[in-house]
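Order of the sequence lines fixes the chain letters, A, B, ..., with proteins taken first and strands second; residue numbering starts at 1 for each chain.
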2 protein chains.
Amino acid sequence: MISSTVENYLKRIYLEQQTDPKALVPMGKLAAVMQVVPGTATAMVKTLADSGLLEYEPRGGIRLTAGGEQLALHVLRRHRIIELFLVNHLGLDWSEVHAEAETLEHAVSDKVLERMDTLLNHPRFDPHGDPIPPAKGRMPTESWIPLPAVPAGQRAQIAQLSDQDPAFLQFIERNALTPGTEIYVASYDPQADAVTLNVPDGSHITLGGAAAEKIMVRLGRVSQCGTRVP
Amino acid sequence: MISSTVENYLKRIYLEQQTDPKALVPMGKLAAVMQVVPGTATAMVKTLADSGLLEYEPRGGIRLTAGGEQLALHVLRRHRIIELFLVNHLGLDWSEVHAEAETLEHAVSDKVLERMDTLLNHPRFDPHGDPIPPAKGRMPTESWIPLPAVPAGQRAQIAQLSDQDPAFLQFIERNALTPGTEIYVASYDPQADAVTLNVPDGSHITLGGAAAEKIMVRLGRVSQCGTRVP
DNA sequence: TCTCCTTTTTTGAGTTATCAAAATAATTGG
DNA sequence: CCAATTATTTTGATAACTCAAAAAAGGAGA
Ligand SMILES: [Mn+2]
Ligand SMILES: [Mn+2]
Ligand SMILES: [Mn+2]
Ligand SMILES: [Mn+2]
């Protein structure tokens, strides 16, 4: 049996890998995101490499094998379906489900997960806009850009929020910037580090660069089936 | 934080305790139900005693403290609400939910649990007829007797099934003997080790003593609110 | 090229939960 | 009441995961 510790490592490694698919994930990065001391990460990586779940280049970094990636995607699928189930069926707030899913993802059986998936009508995106890995088949590729990359005067649709901090997500919801929302970028001033956008309800809001960077958008008016619009 | 291992021990100790509330639970019994060697049980019991969760009389046995019992009831509440949720809201079969709940009981937060409780309308019994410990307040006392203790010619209502084995539960469901069912005990022959009963649909069935002992009933026609009648 | 600084690995140790097997206590039958 | 059996505890080890701190490797700049 695969431990929840191993599942967490694989999932984090996969997510790090996605930020730069060609590069190896450095050990220091892994230790940081797993919140362990570097020596712990080295020890764990050695056992994962021995289990054939990743390739380990000492002093170089790591990369998941096909087997490791498959397991990671399985955990990610559980995580995201659980998040959506908690929001849609149990009425939890989208700002708190990430923490809940972090433990439930290791406890929910395949049978229960597929029941949730059915009840949710085979959703393609989780509450934060992240794609749900399909039970079989390749992971869909997303074409998101951070909000500050949108030229002023363009329309865009909010696709995903890259920060799970409840306070940030509550701010997003208060200002009606949840995934699926159509926005219009009124201005972007790199010097002022500020993006101003218009939202459908007619109001407008100005964000600093740090906040705007956490908002991933799709250019133009794209329809995104399966996304919840809270 | 309390580990799931400790939660499992406390829950099992509580359930053993109920079989004879005045006596101490012997170490051998604990080791057997936890499926560990006796030495393991001794080691764990020492740490639980040090944590103030139980009283340990070496070579005598153990008994939960008030604190230990409270924790045990909390775990039991989670277990039974989860079972009912899996049956009523996710459509799982009642014969399989025990195993699912065995792991989920350690992963579901209080917040999620209370959402389930609300959605289920504050149920009083789980799918197997076991009472759900209330969030606060005393555990209700049940007055069940095993089916073979019912005199022939009496009416009774099936209250609970004391065996979680899926094959047994499926047999019970096939023969419409789920909790809440009104039955009539046609005959009980200790020599033949056989109980014959009539069920509402008009058919009758004969059970051996071992199977009948696992069926707990309430005498007479009692209404039991909150029990699911599948 | 040779420090100095950063990153990574190694070493030694602790915690939790487990087993195998030896030692000990308690019980029970003759 | 003693010997044999049974129940329980003790002892010594192991596996998984972790940290602290020492050691080693790999740059980057002078
Ligand atoms: Mn997790
Ligand atoms: Mn998410
Ligand atoms: Mn359990
Ligand atoms: Mn039950």
Starting at CG of D50(A) and ending at P of dA15(D), how long is that distance when rounded to a whole Å? 14 Å
By nearest atom, which of the nucleotides dT18(C), dT10(D), dT18(D) is closest to the V36(A) side chain? dT18(D)
From dT8(C), dT9(D), dA17(C), pick the nucleotide closest to the side chain of M27(A)? dT8(C)
Could you check which of dC19(C), dC17(D), dC19(D) has an atom nearest any side-chain atom of S3(A)? dC17(D)
Nearest whole Å is fine: how far is dT16(C) P from I2(B) CD1? 13 Å
Taking the side chain of R59(B) as heavy atoms from C-beta outward, which of dT18(D), dT8(D), dT7(C) is closest to it? dT8(D)
Is a donor from one side chain sitting under 3.5 angstrom from an acceptor on the other, for H106(B) and N8(B)? yes
Can you see if the side chain of K46(A) gets near the phosphate of dT10(C) - specifically, an N or O under 4.0 Å from OP1 or OP2? yes
Quick one: is Y9(B) getting a side-chain N or O under 4.0 Å of the dT18(C) phosphate, OP1 or OP2? yes
Nearest-nucleotide pick for T5(B), side chain only, options being dC17(D), dA24(D), dA17(C): dA17(C)
Between Q160(A) and H128(A), do the side chains contain a donor N or O and an acceptor N or O under 3.5 Å apart? no
Considering only heavy side-chain atoms of V37(A), the closest of dT8(C), dA20(D), dC19(C) is dA20(D)
Would you kindly give the CG-to-P distance between L24(B) and dT8(D), to the nearest whole Å? 11 Å
So if I take every side-chain heavy atom of P58(B) and compare against dT8(C), dT9(D), dA17(C), which nucleotide ends up nearest? dT9(D)
Is a donor from one side chain sitting under 3.5 angstrom from an acceptor on the other, for H79(A) and E83(A)? yes
NZ/K29(A): more than 12 non-hydrogen atoms of other groups inside 6.0 Å: no
Looking at dT8(D), I'd like to know if its phosphate oxygens (OP1 or OP2) sit under 4.0 Å from a side-chain N or O belonging to Y56(B). no
May I ask you to evaluate whether T40(A) reaches the phosphate of dC19(D), defined as a side-chain N or O under 4.0 Å from OP1 or OP2? yes
Polar side-chain atom of Q18(A) near backbone of I13(A) as donor-acceptor pair, under 3.5 Å: no
